[in-house]
Number of protein chains: 2
Amino acid sequence: MARTELEYPKQPYGTVNRYSPRASYALRTIHGIINSCPILHVSFNPPDSSFPTILPMIGQMGSFDRPSADEGQVLDLYLHGYVSSRIINTTRKTTGAADEPDGLPVCVAASHLDGLVLALTPNSHSYNYRSAVLFGHATLVEDTAEKLYAMELMTDAVVPGRWSNSRVPPNAAEMSSTGVLRVRITTGSAKIRAGPPSDDRHDLENPDVVGRVWTGVVPVHTTFGSPIPGPYNAVTDVPPYLQDTIDEWNQSGAESAMEAANPRKAAPKS
Amino acid sequence: MARTELEYPKQPYGTVNRYSPRASYALRTIHGIINSCPILHVSFNPPDSSFPTILPMIGQMGSFDRPSADEGQVLDLYLHGYVSSRIINTTRKTTGAADEPDGLPVCVAASHLDGLVLALTPNSHSYNYRSAVLFGHATLVEDTAEKLYAMELMTDAVVPGRWSNSRVPPNAAEMSSTGVLRVRITTGSAKIRAGPPSDDRHDLENPDVVGRVWTGVVPVHTTFGSPIPGPYNAVTDVPPYLQDTIDEWNQSGAESAMEAANPRKAAPKS
């Protein structure tokens, strides 16, 4: 990566302490993990509970002001929800404290599992994974043009090109029933593990242990199956924009899980 | 399900409002989703930040007092972490408020993606999924026997039988560097969507829209690849307990994604 790569500032609440060589603060790395994760986990503090609450949501990084911005640039996170859901109602009622940005403080996490790392002893077991967290403040998108931008962004994240290949634009009822949150990011971090298992010397030097415990990596990836037409589908063939995406995702998913398991990969002690 | 199935109590912060027919409060359903999820997302409020923080963690439901209890019974959630990680340090310093149970309030989420549900219009797009959240209070496990119980439980969740097929028991250094949290569950809920797309009448009655937009489900599941031996592996064949598990997971994963896409499945409006 060029040295011009942008990084998020390290904050006490957002800094990776454990296995810090696995950490990255590069916007490109973090945004890439978020954007390729089909389900994000979003936490917020509801007013009526002492529990921080997690919701599974769909979201995507983007920039309404500079739509051509790529994943290495400063972006907002757009999240999609039902207009009267708890998180959207809480956001609507939130006014920032005097010393804080406007909006509801949220944390957003994305995690990809790339492999089971099986070592000699349970303590050295690990996963190959790519995970990212973002911290920011959520506000409701009111502007119609920005809302449409975000809805297209999120639909095309499910399947690229799907927006223009479905019935658009949304009608008035659809627009008013859909809530879109924009999260202005304060900071974030990623944590990535790749490579084979790594064990302590006293186990590696014990021939009995090495001789009986299988060690290595089980690569893990997401598989997208053959599309199954629904009951009122009238389009005979699966459209190329859909089948090509499925084929590409399956191939790149399998390849990156294998690549992560590669013994030549640098592996900090797990 | 028999009517004796236990359910979690509905609380304002833990009740599913949107698409409530998709909700379940049955312990068996919720615990099954948690236990089959390789990465859990756990949120807590750190003392030095206004952001609820999410960590990806490994965890498993169990009962140290009644180890034979099944997933339909009252269980605790055990989570694994490094002994000086932020969540474990925060838990160590937490004393419950006067009117609350001891421990750190946490929310734990598990989500499985089973399919992309492609409808006529972006607003009717959805996922087939199984998600669960639990709310509870985390405390540090101090008792050595309980800690060992939890470590075996979590190792065998990664690969059944792995604990007894690796170098155990953990030595003193391993025991002291591993932190285990026990979460006493207050309540929880699950949300499940299955079935084909469902569109509004005005789109279904529009031959132009139905004639050009492919609708249906892309089934999604997790694939476990062929085990890749690590650099110091000395066991020639992949052991049957490992290969059999991989085969079983791949088969059941593909089958359940297909089953969820089945047009005969009851599908509440998406």
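This structure is a prediction, so every number in the text was calculated from the model and none was measured. A note on names: the letters A, B, ... follow the listed sequences, proteins ahead of strands, and every chain is numbered from 1.
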Practice item. Under the side-chain contact (heavy atoms from CB on, under 4.5 Å) rule, what do A:H41 and B:L40 come out as? Steps first, then yes or no, please. Key: CA-CA 10 Å; A:H41 286 89; B:L40 302 175; over 6 Å; no
Point to revise | Worked verdict on B:H202 versus A:N171 for side-chain contact (heavy atoms from CB on, under 4.5 Å) | key: CA-CA 11 Å; B:H202 63 90; A:N171 60 34; 3.4 Å; yes
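Using a 4.5 Å cut-off between heavy atoms, B:L55 does not touch chain A at all. Contact annotation for B:A257: neither backbone nor side-chain heavy atoms come within less than 4.5 Å of a heavy atom of chain A. Heavy atoms closer than 4.5 Å to chain A are found in the side chain of B:V133, but not in its backbone. Within the 4.5 angstrom heavy-atom criterion, only side-chain atoms of B:M151, from C-beta onward, approach chain A. Heavy atoms of B:V106 lying under 4.5 Å from chain A belong exclusively to its backbone. Residue contact with chain B, scored on non-hydrogen atoms closer than 4.5 Å, involves the backbone of A:F44 exclusively. With a 4.5 angstrom heavy-atom cutoff, B:P122 touches chain A via backbone and side-chain atoms both. Interface remark: B:I246 contributes side-chain atoms only to the contact with chain A (heavy atom separation under 4.5 Å). Only the backbone of B:N165 comes within less than 4.5 Å of a heavy atom in chain A; its side chain stays farther off. Both the backbone and the side chain of A:L118 have a heavy atom closer than 4.5 Å to some heavy atom of chain B.
Taking OG from A:S124 and CD from B:E174, the interatomic distance works out to 6.5 Å, rounded to the nearest 0.5 Å. Taken to the nearest 0.5 Å, the OH atom of B:Y232 stands 3.5 Å off from the CG atom of A:D199.
Closest of all the heavy-atom pairs between A:P197 and B:G230 is CD-CA, 4.3 Å. For A:L120 against B:S166, the heavy-atom pair with the smallest separation is O-CB, 3.2 Å. Shown here for A:V213 and B:R167, the closest heavy-atom pair between the two residues is CG2-N, 4.2 Å. Between A:I54 and B:C107, the shortest heavy-atom contact is N-SG, 3.4 Å.
B:S43 and A:S43 form no side-chain donor-acceptor contact under 3.5 Å, judged by distance and modelled atom types alone. Donor-acceptor pairing under 3.5 Å is lacking for the side chains of A:H125 and B:T155.
Per-residue heavy-atom pair counts under 4.5 Å with chain B were compared for A:M154, A:Q11, A:R162, and the maximum is reached by A:R162. The residue among A:P52, A:G253, A:G136 with the most heavy atom pairs within less than 4.5 Å of chain B is A:P52. Of the listed residues (A:G225, A:P207, A:P239), the greatest number of heavy-atom pairs within a distance under 4.5 Å of chain B belongs to A:G225. Heavy-atom pairs under 4.5 Å with chain A were tallied for B:V217, B:T222, B:V210, B:T236; the largest tally goes to B:V217. Between chain A and the residues B:T53, B:D48, B:V42, B:V238, the most heavy-atom pairs under 4.5 angstrom are made by B:T53. The choice from B:A234, B:S226, B:P105 that makes the most heavy-atom pairs within less than 4.5 Å of chain A is B:P105. Your options are B:S49, B:A254, B:G211, B:P227, and the one with the most heavy-atom pairs under 4.5 Å with chain A is B:P227. For the options B:P46, B:S50, B:A109, heavy-atom pairs under 4.5 Å to chain A are most numerous at B:S50.
The shortest side-chain heavy-atom distance between A:P219 and B:I228 falls under the 4.5 Å cut-off. Contact annotation: the side chain of A:H137 approaches that of B:F51 to within less than 4.5 Å [non-hydrogen atoms, C-beta and beyond]. Contact of the B:T223 side chain with the A:V220 side chain is not registered, since no non-hydrogen atoms from C-beta on lie closer than 4.5 Å. With a 4.5 Å cut-off on side-chain heavy atoms, B:V235 and A:R212 do not count as touching. The shortest distance between side-chain heavy atoms of A:L116 and B:V159 falls below 4.5 Å. Taking the side chain as every heavy atom from C-beta outward, B:S177 and A:N123 approach each other to under 4.5 Å.
Remark: side-chain polar atoms of A:Y129 are not paired, donor with acceptor, to backbone N or O of B:P56 under 3.5 angstrom. Looking only at distances, no side-chain donor or acceptor of A:N233 sits under 3.5 Å from a matching main-chain atom of B:G216. Using a distance-only test at 3.5 Å, with no hydrogens or angles considered, a donor-acceptor pair links the side chain of A:Y127 to the main chain of B:P38.
A 6.0 Å sphere centred on CE of A:M57 holds more than 12 heavy atoms belonging to other residues, nucleotides or ligands. By the neighbour-count criterion of 12 heavy atoms within 6.0 Å, atom CE of B:M258 is sparsely surrounded, having that number or fewer from other residues, nucleotides or ligands.
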